[in-house]
Amino acid sequence: MLKQPTDQDLHRIAEANHFVLNDAEIGAFQQSIAKSLASYTTIENLSDSTVRTRDRDHGHAPLPEKNAYGAWAWKTSIRTREDGALHGKRIAIKDNISVAGVPLLNGSEIMEGYVSEADATVVARILAAGAEIAGKAVSENLCFSGGSHTSYPGPVLNPLDTKRMSGGSSSGNGALLAANECDIAIGGDQGGSVRIPASWCGVVGLKPSWGLVPYTGAFPIEPSLDHLGPMARTVDDIALMLDVIAGRDGLDARQIEVPHALPSYSTALEANIAGLRVGILKEGFGWEGLSDPDVDDAVRQATETFRKLGMTVKQVSVPMHLHGLDVWTGIATEGAWSVMVRDNVIAYGSQALQDIGLIDFYRKAKLEKAQLFSPTVKGVILLGHYLAEQTGGVFYAKAQNLRRKLRAAYDQALSEVDILVMPTTPTTAPRHEPEASLGRTMEIALNMMPNTATFDATGHPALSIPCATVGGMPVGMMIVGRHFEEQTILAVAKAFETQGISQSGRQSDEA
Ligand SMILES: NC(=O)c1ccccc1
């Protein structure tokens with residue numbers, strides 16, 4: 001029950017909002033508030049009819065000896081039917097996505113003790129398609145890192161070389177797929193978090209068009225950047241999963257642009273890709289101080305495969321790509337601060353389904369345990385709060401407007417070619433740096449995203465596929481397409497995968 005505010009409360013709040021109240025005004029506002037509070041009593045007493053915890057096996061914490069890479073956050077064996085498109089598939093769910101009755105840490109110690117009350121839409125759809133939910137995969141701390149070193153309870157190791165990072169923020173997903181501990185994993189991507197671990201772990205990862213896959217039931221960063229998408233070892237499994245999870249759920253405000261009728265992505269894999277036009281994005285290569293020239297070369301060389309497949313390949317230029325990360329930063333920093341910090345993961349103004357249990361737990365955790373926020377999250381709080389205080393959101397607002405311009409710039413290029421290609425990440429998986437300073441910890445969490453984050457801002461679909469190895473580690477090639485043309489990306493990726501396997505370049509180093 002909400003208590004009537006004291007007169008003191010009203011004076012304090014008025015002062016915080018830069019006005020003053022006299023005694024007569026206080027009296028009048030108290031009366032008006034008393035009337036409104038009756039509605040809050042009603043709200044408290046009405047059921048909002050959301051589905052709560054089901055009767056199911058809640059699983060167990062992973063045994064350390066069966067968690068060599070620190071990639072499992074929780075183990076389950078949830079299956080609700082014995083048939084369906086995903087029957088026989090073992091699925092890992094990134095630990096920022098709700099599975100009813102199962103803990104959700106979102107990579108942060110402050111969430112210790114929280115248990116999700118309802119299945120996310122993607123989880124409900126996966127179960128309805130007959131798959132087994134094999135567990136939750138470790139996420140970076142509140143999803144705010146592209147490395148795999150900020151996760152609680154510990155870093156995630158890359159199974160291909162355990163001294164290296166698996167990439168984040170879907171860090172566990174990449175490691176579990178590379179280690180063959182699941183067949184398909186659902187990741188989240190606001191700045192590259194599906195594609196970075198796919199790139200560094202040598203698997204396939206798709207960030208679908210913004211909105212295509214409902215975000216309902218996943219812990220957000222900022223609604224206009226939030227995406228969920230599949231990761232797997234094969235393009236077939238990506239398409240199979242996309243068929244299951246894509247489409248409106250009627251609960252997610254991010255789905256405003258999603259077409260009501262969607263193609264069959266699995267069927268689209270067989271489409272004829274000869275004649276399609278590939279654009280090598282000039283500005284996606286040679287990032288000053290970031291790019292490994294061997295990675296750039298390997299991706300350029302891999303595009304020869306497209307020629308062999310009968311596609312045309314040319315270089316295209318989108319100068320604004322160089323500012324994509326700036327636009328993203330303007331949206332992500334203040335946006336994440338407002339949603340995740342100021343507003344307890346509520347996006348005010350949206351009609352999306354709200355997770356009351358999560359909001360309540362997280363609000364209290366934030367009040368009591370803020371000291372446990374990771375360096376990356378503290379960085380977002382410091383700059384986001386400062387920006388709001390100094391500028392009142394003007395930079396956020398302008399960055400949102402610039403997003404349209406950025407999107408139009410890529411759309412222009414995508415009117416001349418069917419897909420854009422570039423390295424997913426400027427390097428292969430870097431080494432863990434356990435002794436890193438605070439500054440270095442932040443740097444290695446954020447320095448790999450110039451090609452990925454921009455497409456979270458514009459919402460274009462983007463897939464990372466292994467295309468070579470450098471120094472024994474996989475190189476990811478990113479294929480970007482037009483909005484809601486995942487079928488084209490998948491058909492191209494499938495053809496590349498089929499062709500690529502017979503090539504020596506896939507297995508050996510491209511010096
Ligand atoms: N959640 C993300 O996609 C992300 C990726 C990299 C850095 C920060 C955030």
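Atoms within a ligand are numbered from 1 in the order they appear, just like the ligands themselves. Quick caveat, the model's predicted, so the values are computed rather than measured.
Y215 contributes atom OH, which lies 12.5 Å from atom CH2 of W210 (distance to the nearest 0.5 angstrom). The line from NZ of K136 to NZ of K94 is 11.5 Å long, rounded to the nearest 0.5 Å. Here K207 contributes atom NZ and M478 contributes atom CE; the two are 9.0 Å apart, rounded to the nearest 0.5 Å. Atoms OG and CG, on S148 and L157 in that order, are 7.0 Å from each other to the nearest 0.5 Å.
Residue-ligand proximity, M449 to ligand 1, at heavy-atom distances under 4.0 Å covers atoms 6 (C), 7 (C). Within ligand 1, counting atoms from 1 as listed, the ones closer than 4.0 Å to a heavy atom of G146 are 6 (C), 7 (C). Near I221, meaning under 4.0 Å from one of its heavy atoms, ligand 1 places the atoms 1 (N). Which parts of ligand 1 touch S193 is read off a 4.0 Å heavy-atom cut-off, strictly below it: atoms 1 (N), 2 (C), 3 (O), 4 (C), 5 (C).
Distances from atom 8 (C) of ligand 1 to the heavy atoms of G188, S145, G191 show the closest one on S145. When the heavy atoms of S170, C143, S169 are ranked by distance to atom 9 (C) of ligand 1, first place goes to C143.
Aromatic ring pairs are classed by plane angle as parallel below 30°, tilted from 30° to 60° and perpendicular above 60°; the pair H460 and Y410 is perpendicular.
No side-chain donor from either of D456 and Q190 sits under 3.5 Å from a side-chain acceptor of the other. For the residue pair T424 / S464, a side-chain donor-acceptor distance below 3.5 Å is found, with atom types taken as modelled.
Contact annotation for A445 and ligand 1: only backbone heavy atoms (N, CA, C, O) come within less than 4.0 Å of the ligand. Residue-level proximity to ligand 1 for L446 is carried by the side chain, the only part with a heavy atom below 4.0 angstrom.
Checked by distance only, ligand 1 and Q190 come closer than 3.5 Å through their nitrogen or oxygen atoms.
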